[in-house]
Amino acid sequence: QVQLVESGGGLVQAGGSLRLSCAASGRTFSTNTMGWFRQAPGKEREFVGSISWRGGQIAYADSVKGRFTISRDNAKNTVYLQMNSLEPEDTAVYYCAATPPYSTYAARSSFEYNSWGQGTQVTVSS
């Protein structure tokens with residue numbers, strides 16, 4: 001499995017931006033699909049976005065499409081989530097996740113991921 005550590009969360013006003021980072025350790029990072037999920041208080045964990053190991057396939061939840069951008073730098077073992085035009089509804093703990101190696105598509109289901117970070121809090125004030 002890959003070990004994951006998220007950073008970059010914080011408090012921001014509505015309309016603002018944040019950039020989350022997820023640093024991975026483990027020699028298989030470059031061949032894992034990477035995903036971002038979030039969980040708001042009292043709600044189930046939901047898919048935000050994912051990127052295949054070569055970056056050729058990217059998927060987003062409809063709620064963030066056009067506002068969030070996922071990217072990865074395999075040389076730095078890091079995946080990013082650029083979040084723009086943030087809304088109070090984006091408030092949640094954001095988790096980075098990795099699939100097993102050699103995944104070739106941008107997975108959306110949490111069941112397809114076997115490594116998870118500890119999460120980083122994002123709070124958007126109105």
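The figures here come from the full heavy-atom set of this structure, side chains too, leaving out hydrogens, waters and symmetry mates. Since this is a predicted model, take the numbers as computed values, not measurements.
Not counting sequence neighbours, the partners of Phe47 by the ring pair (Phe, Tyr, Trp, His ring centres under 6.0 Å) test are Phe37. Every residue was checked against the side-chain hydrogen bond (donor to acceptor under 3.5 Å, both in side chains) condition with Gln57, not counting sequence neighbours, and none meets it. Considering only residues two or more places apart in sequence or on other chains, Lys43 meets the side chain to side chain contact (heavy atoms under 4.5 Å, CB included) condition with Ala40. Residues forming a side-chain hydrogen bond (donor to acceptor under 3.5 Å, both in side chains) with Ser103 (at least two apart in sequence, or on another chain): Thr33. Among residues two or more places apart in sequence or in another chain, the side-chain hydrogen bond (donor to acceptor under 3.5 Å, both in side chains) test is passed with Ser85 by none. Shown here are the side chain to side chain contact (heavy atoms under 4.5 Å, CB included) partners of Ser126, two or more places apart in sequence or in another chain: Pro88.
Within 6.0 Å of CD in Gln118 there are more than 12 heavy atoms belonging to other residues, nucleotides or ligands.
Annotation: side chain to side chain donor-acceptor pair (under 3.5 Å) contacts involving residues 9-20, sequence neighbours excluded, comprise Ser17-Asn84. Each salt bridge (charged side-chain N to carboxylate O under 4.0 Å, His left out) pair with one or both residues in residues 51-65, not counting sequence neighbours, appears once here: Asp62-Lys65. Listed by first and then second residue, the disulfide (SG to SG under 2.5 Å) pairs that reach into residues 47-126 are Cys22-Cys96, sequence neighbours excluded. Note on residues 97-126: no pairs pass disulfide (SG to SG under 2.5 Å), not counting sequence neighbours. Residue pairs that meet the side chain to side chain donor-acceptor pair (under 3.5 Å) test with at least one member in residues 87-98, sequence neighbours left out, are Arg38-Asp90, Arg38-Tyr94, Arg67-Asp90.
Between the side chain of Ser50 and the backbone N or O of Ala107 there is at least one donor-acceptor pair closer than 3.5 Å.
Using a 4.5 Å heavy-atom cutoff, the side chains of Ser52 and Tyr105 are not in contact. For the pair Val5 and Gln3, the minimum side-chain heavy-atom distance is 4.5 Å or more.
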- request: In sequence, state the C-alpha distance, the side-chain angles, and the governing distance for Leu20 and Val122, and then conclude on side chain to side chain contact (heavy atoms under 4.5 Å, CB included).
  value: CA-CA 9 Å; Leu20 305 184; Val122 172; 4.0 Å; yes
field: Steps toward side chain to side chain contact (heavy atoms under 4.5 Å, CB included) verdict (Leu86, Phe68)
entry: CA-CA 9 Å; Leu86 283 162; Phe68 290 11; 3.8 Å; yes
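Results of the side-chain contact (heavy atoms from CB on, under 4.5 Å) test with Met34 over Thr99, Ile70, Leu4, Val2 single out Leu4 as the only residue that passes.
The hydrophobic clustering, which links ILVMFWY residues whose side-chain heavy atoms are closer than 4.5 Å, places Val93 and Tyr80 apart. Cluster annotation: Tyr113 and Leu81 are assigned to distinct hydrophobic clusters (Ile/Leu/Val/Met/Phe/Trp/Tyr, side-chain heavy-atom contacts under 4.5 Å, transitive). Val64 and Leu18 end up in the same hydrophobic cluster when Ile, Leu, Val, Met, Phe, Trp and Tyr side chains are linked at under 4.5 Å.
What you find for Pro100 and Asn32 is that their closest heavy atoms are C-ND2, 3.6 Å. The minimum heavy-atom distance linking Glu6 with Gly117 is given by the pair OE2-CA, 3.2 Å.
No cation-pi contact links Arg72 to Trp53, judged by a cut-off of 6.0 Å to the six-membered ring centre and 45° from its axis.
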